[in-house]
J.: 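If you scroll down you'll find the structure; I have some questions about it.
Residues take their numbers from the sequence shown, with the count starting at 1. These figures come from a predicted structure and were not determined experimentally.
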Amino acid sequence: MSGEINLSALLSTLSCKLHDGVFVFATLPNGHVPDGLDEVMRFRETEGTTLILSEAVAKSHSIPFEFRCRMITLNVHSSLEAVGFIAKIATALASKGMGVNPVSGFYHDHLFVPVGRENDALQVINGLRSAANR
C-alpha cells in the first residue's frame with residue numbers, strides 16, 4: 001500500500017498549493033471529448049462524461065460549464081485507503097459555509113473550492129495543520 005494512512009500524520013504534515021487560474025466542471029452527454037482537450041480530470045458516468053478543466057479551455061472549445069472554482073492540491077501523499085482525511089477537511093470547510101468538490105489522485109487529493117473562497121479554504125487547511133501539531 002502506498003501513501004500515509006494515519007490521520008494525525010496526514011494532518012500534521014499537510015501543506016497545500018493553490019493553482020493559478022479558474023477551473024470549471026462540465027459534462028458531455030454523448031461522451032465525445034474533443035481531440036486535444038487538456039482536461040484536469042475525466043470521469044465517465046451513465047449520464048455523460050464529467051470534465052474538470054480550465055475555464056479558458058472550456059471557452060475555447062465552446063463547452064458549457066458550471067461551478068467556477070479554484071484548485072488546491074494537498075501536498076501530502078495520502079493512501080487511497082486513508083480514513084477520515086477528506087471528511088475532516090470537508091467538515092472544517094462546511095463549518096465556514098463552504099462546499100468543496102474533492103478529487104483523489106493516486107498521490108494527492110485535490111480540492112475544488114468556489115472562486116473567491118480560496119483564501120478562506122487555505123486558512124482552514126492551515127488551521128487544521130496547526131491544530132494537529134499542538
Side-chain angles (χ1 to χ4, degrees):
M1 178 175 34
S2 181
E4 181 61 60
I5 61 170
N6 181 283
L7 182 58
S8 295
L10 286 167
L11 292 171
S12 67
T13 60
L14 179 59
S15 67
C16 53
K17 176 186 184 214
L18 175 64
H19 294 266
D20 292 334
V22 173
F23 295 85
V24 295
F25 281 66
T27 185
L28 301 175
N30 63 7
H32 175 72
V33 177
D35 290 335
L37 189 71
D38 184 23
E39 73 271 19
V40 173
M41 187 210 75
R42 180 187 306 189
F43 194 88
R44 287 189 308 266
E45 299 181 276
T46 303
E47 301 83 359
T49 300
T50 296
L51 302 172
I52 302 174
L53 60 165
S54 75
E55 183 177 41
V57 168
K59 286 181 176 180
S60 72
H61 285 84
S62 299
I63 298 172
F65 58 82
E66 296 185 18
F67 189 57
R68 296 179 73 242
C69 54
R70 298 295 306 272
M71 178 178 166
I72 299 171
T73 295
L74 303 178
N75 288 323
V76 60
H77 184 183
S78 60
S79 168
L80 293 167
E81 297 181 28
V83 176
F85 182 51
I86 293 300
K88 181 86 170 174
I89 293 167
T91 299
L93 293 172
S95 75
K96 300 294 182 189
M98 186 185 326
V100 61
N101 287 289
V103 174
S104 295
F106 190 85
Y107 291 102
H108 301 284
D109 296 295
H110 311 275
L111 308 176
F112 292 88
V113 300
V115 167
R117 298 294 311 271
E118 59 273 12
N119 290 327
D120 297 334
L122 293 171
Q123 214 172 21
V124 167
I125 294 164
N126 290 329
L128 287 170
R129 183 187 61 239
S130 295
N133 284 310
R134 286 188 199 135

J.: Nearest heavy-atom pair of Val33 and Leu28: which atoms, and what distance?
T.: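 Result for this residue pair: CA-CD1, 3.8 Å.
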J.: Return each pair, listed once, that meets salt bridge (Lys or Arg N to Asp or Glu O under 4.0 Å) where at least one residue sits in residues 115-125; pairs must be two or more places apart or across chains.
T.: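 Sorted result for residues 115-125: Arg70-Glu118, Arg117-Asp120.
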J.: As an exercise, state the distance from CG of Asn133 to OG1 of Thr13, rounded to the nearest 0.5 Å.
T.: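 Going from CG on Asn133 over to OG1 on Thr13, the span is 8.5 Å.
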J.: Is Met98 reachable from Ile125 through a run of hydrophobic residues whose side-chain heavy atoms are each under 4.5 Å from the next?
T.: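 Yes: a chain of side-chain contacts under 4.5 Å links Ile125 to Met98.
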J.: Which heavy atom of Ala121 sits nearest to which heavy atom of Val113, and what is that distance?
T.: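 The answer is CB-CG1, 4.0 Å.
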J.: Flag the pair Leu51 / Leu37 as yes when at least one side-chain heavy-atom distance between them is below 4.5 Å, and no otherwise.
T.: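 In short, these two side chains touch, coming nearer than 4.5 Å.
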J.: Between Ser79 and Ile5, is there a side-chain heavy-atom distance shorter than 4.5 Å?
T.: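 Contact flag for Ile5/Ser79 side chains = yes.
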J.: Got a sec: does the CD of Glu45 have more than 12 other heavy atoms crowding it under 6.0 Å?
T.: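 Check passes, neighbour count above 12.
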J.: In Å and rounded to the nearest 0.5 Å, what is the OG to CD distance from Ser12 to Glu4?
T.: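 CD of Glu4 is found 8.5 Å from OG of Ser12.
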J.: Would you call Ile63 and Val24 a side-chain contact if the rule is heavy atoms closer than 4.5 Å?
T.: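 Heavy-atom side-chain distance check fails, nothing below 4.5 Å.
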J.: What pair of heavy atoms forms the shortest contact from Ile72 to Cys16, and how long is it?
T.: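 Heavy-atom minimum between the residues: CG2-CB, 3.7 Å.
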J.: Restricting to non-hydrogen atoms, name the atom on Ala26 and the atom on Pro64 that form the minimum distance, rounded to 0.1 Å.
T.: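 In this case the closest contact between Ala26 and Pro64 is CB-O, 3.3 Å.
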J.: With clusters defined by side-chain heavy atoms of hydrophobic residues (ILVMFWY) lying less than 4.5 Å apart, directly or transitively, does Phe43 cluster with Leu53?
T.: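 Each belongs to a different hydrophobic cluster.
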J.: Would you say the side chain of Glu39 lies within less than 4.5 Å of the side chain of Val57, judging by non-hydrogen atoms?
T.: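 No, every pair of side-chain atoms sits at 4.5 Å or beyond.
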J.: State, to 0.1 Å, how close Thr73 and His108 come at their nearest heavy-atom pair, and which atoms those are.
T.: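 In terms of heavy atoms, the two residues are closest at CG2-CB, 4.0 Å.
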J.: Quick check: is Val103 connected to Val124 through a chain of hydrophobic side chains (ILVMFWY, heavy atoms under 4.5 Å apart)?
T.: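 Val124 does not cluster with Val103.
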J.: In terms of hydrophobic clustering (I, L, V, M, F, W, Y; side-chain heavy atoms under 4.5 Å; direct or indirect links), are Val76 and Phe112 co-clustered?
T.: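 Cluster IDs for Val76 and Phe112 differ.
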J.: Does the side chain to side chain contact (heavy atoms under 4.5 Å, CB included) test come out yes or no for Glu66 and Thr27, once each step is laid out?
T.: CA-CA 9 Å; Glu66 296 185 18; Thr27 185; over 6 Å; no
J.: Please identify each residue that fulfils side-chain hydrogen bond (donor to acceptor under 3.5 Å, both in side chains) with Arg129, with sequence neighbours left out.
T.: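 For Arg129 the side-chain hydrogen bond (donor to acceptor under 3.5 Å, both in side chains) partners, ignoring immediate neighbours, are Asn126.
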J.: Give me the atom names and distance for the closest heavy-atom approach of Pro114 to Gly99.
T.: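 That closest heavy-atom pairing would be CD-O, 3.5 Å.
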J.: Any ring pair (Phe, Tyr, Trp, His ring centres under 6.0 Å) involving residues 53-98? Give me the pairs, sequence neighbours left out, ordered by first then second residue.
T.: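 As it turns out, the ring pair (Phe, Tyr, Trp, His ring centres under 6.0 Å) pairs with a partner in residues 53-98, which skip direct neighbours, are Phe25-Phe67, His77-Tyr107.
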J.: Treating Ile, Leu, Val, Met, Phe, Trp and Tyr as nodes and any side-chain heavy-atom pair under 4.5 angstrom as an edge, say whether Leu18 and Leu74 lie in one connected cluster.
T.: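 Yes, it is one cluster - the side chains of Leu18 and Leu74 are joined through contacts under 4.5 Å.
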J.: Determine, step by step, whether Val40 and Met71 satisfy the side chain to side chain contact (heavy atoms under 4.5 Å, CB included) criterion, reporting the C-alpha distance in whole Å, the side-chain angles of both residues, the deciding distance to 0.1 Å, and the verdict.
T.: CA-CA 10 Å; Val40 173; Met71 178 178 166; 4.3 Å; yes
